[in-house]
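Worth saying up front: this structure is predicted, and the values here are computed from it rather than measured.
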Amino acid sequence: MVSLSWKHHTLIQALISRGPLKEKEFHSIFTGVTGRNPGDAKKIFDKYLLEINKELSYVHFELRACRDQYDGHVCYGVVNTVSDDQSKLGTKYSVPQIAFFKGIIEAIAHDEAAQGCISGFDALNIRLENQVPSEASSSQQQVPPAFRNFSMSQKDKTLDELVKDNWLCRTRDGNNIGLGIRSLLDLRSWFRNNDVPSCEVCNEAGVKADLCPNEGCSVRIHKYCLKNLLSQRDDRVCSGCGKPWPLGRVAKEEAVEAAVNDDDEEETDTQATSLRSKKRKIRRHRDSAENVSSQASLASSSGITRRRVTRSAAHLS
């Protein structure tokens, strides 16, 4: 049995207290704790994760990494490995809220278009009665009153909470609801048990993915997996049906994403420039005020000196 050091505990505590972390953040913490860069010391980094997971396995937890299917970034988090999907949310959420969340992930995960999201309107109209066992849902009397009385405002509030806790996410325009990084980390077994089609390249659930243009082909590939795959192959065809994959669409989407990122960077640069300009103005005003104060003090001092000289001259005369 491996005895974990304070360094192991610090890494675990960071993930538990701060929630799932992007790879860059987690690597930065690892470097601060161990003094080693995961990029240069991958074996040491992997050894730490292996030792942590051996201990966490006793309480059915795991330190896991996965890619955010919406931006392609790798994230790390501590997850519950118990197969009961309701236990994933712990005790913070009520039974109706858990049923509401389950209805949302089912609608997103089973979308044949693999868009990875549903509209906010569709999310609010999820019927909780559908989460009751079929024999019970056939009778209105068997549906729990808490489900029937779960109002639209309660759904809206629950959506906000789920987004805040990273179980769900909102798209850039704010109109659609997708799966948060905690769902992507925690619900891996749920995706497999519920027959959610997987990505042809990485074999993870293809919740948000590109579909083969051939209608008779069921192949789906994550955008980041597709980009890597097409850059490594000369034929650039679907591995399932052998038909060419439309590169134009991939290039267009990449251009749109690049433009959005550029806009974000430009906005950040503009804000930084504006902040620096304000700081310069404040410094100029402060320096100007100090100069005025200094001149006033000098003038006052000069006046006092002149009055003293005059009084001395009058006394001598």
Side-chain angles (χ1 to χ4, degrees), residues 20 22-23 64-77 79 83 85 88 101-120 122-123 126 130 162 166-173 175-258 260-261:
K22 290 188 181 297
E23 183 178 48
R64 183 180 294 174
C66 82
R67 282 191 182 273
D68 187 329
Q69 297 191 20
Y70 299 87
D71 60 20
H73 293 153
V74 174
C75 295
Y76 289 85
V79 303
S83 59
D85 58 276
K88 309 295 183 181
F101 170 70
K102 187 177 179 182
I104 293 176
I105 63 173
E106 287 178 351
I108 295 174
H110 291 132
D111 175 24
E112 294 183 355
Q115 298 179 85
C117 63
I118 59 175
S119 69
D122 289 339
I126 293 289
N130 296 335
L162 290 167
N166 290 320
W167 288 107
L168 297 176
C169 68
R170 296 187 187 275
T171 55
R172 286 182 177 273
D173 57 15
N175 296 325
N176 297 322
I177 301 295
L179 297 186
I181 188 60
R182 290 183 71 178
S183 292
L184 296 173
L185 279 165
D186 262 51
L187 301 180
R188 181 178 292 172
S189 59
W190 185 91
F191 292 139
R192 291 173 180 169
N193 294 337
N194 287 270
D195 299 323
V196 176
S198 59
C199 170
E200 186 75 8
V201 176
C202 68
N203 205 34
E204 292 289 344
V207 176
K208 179 173 174 55
D210 283 4
L211 306 180
C212 175
N214 181 7
E215 294 183 1
C217 182
S218 61
V219 168
R220 62 174 63 187
I221 304 176
H222 297 129
K223 190 179 301 297
Y224 44 85
C225 292
L226 179 62
K227 183 179 178 181
N228 292 334
L229 180 66
L230 296 181
S231 65
Q232 297 170 4
R233 293 173 53 176
D234 295 330
D235 51 3
R236 299 186 177 183
V237 297
C238 174
S239 57
C241 63
K243 288 193 175 182
W245 202 284
L247 302 181
R249 182 176 62 184
V250 177
K252 181 179 179 181
E253 290 175 349
E254 288 181 353
V256 171
E257 290 180 359
V260 171
N261 292 335

Considering all heavy atoms, the nearest [X]-[Y] contact:
X    : Y    : result
I177 : A123 : CG1-CB, 4.3 Å
N176 : D173 : N-OD1, 3.9 Å
Y224 : G72  : CD2-CA, 3.5 Å
I181 : C66  : CD1-SG, 3.8 Å
V74  : A65  : CG1-CB, 4.4 Å
W167 : S183 : O-OG, 2.6 Å

Looking at [X] and [Y], would you say the former's side chain and the latter's main chain have a donor-acceptor pair under 3.5 Å?
X    : Y    : result
R64  : G77  : no
R220 : G206 : yes
R182 : N166 : no
Y70  : G116 : yes
Q69  : L179 : no
H222 : K227 : no

Do [X] and [Y] touch side chain to side chain, with heavy atoms closer than 4.5 Å?
X    : Y    : answer
I104 : I118 : yes
N214 : C238 : no
P197 : S218 : no
L229 : W245 : no

_Tell me whether the rings of W190 and H110 are parallel (<30°), tilted (30 to 60°) or perpendicular (>60°)._
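The rings of W190 and H110 sit tilted, inter-plane angle from 30° to 60°.
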_Criterion side-chain contact (heavy atoms from CB on, under 4.5 Å) on L184 and D68, from CA distance to verdict_ = CA-CA 7 Å; L184 296 173; D68 187 329; 4.1 Å; yes
Just verifying a value: how many Å separate [X] [atom1] and [Y] [atom2], rounded to the nearest 0.5 Å?
X    : Y    : atom1 : atom2 : answer
L211 : E112 : CG    : CD    : 9.5 Å
E200 : C217 : CD    : SG    : 7.5 Å
C117 : N175 : SG    : CG    : 10.0 Å
N194 : I105 : CG    : CD1   : 7.5 Å

*With sequence neighbours left out, what residues match E204 under salt bridge (Lys or Arg N to Asp or Glu O under 4.0 Å)?*
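Applying salt bridge (Lys or Arg N to Asp or Glu O under 4.0 Å) to E204 gives R188.
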*asked:* I'd like to check the salt bridge (Lys or Arg N to Asp or Glu O under 4.0 Å) partners of K22; sequence neighbours left out, ordered by chain and number.
replied: D71
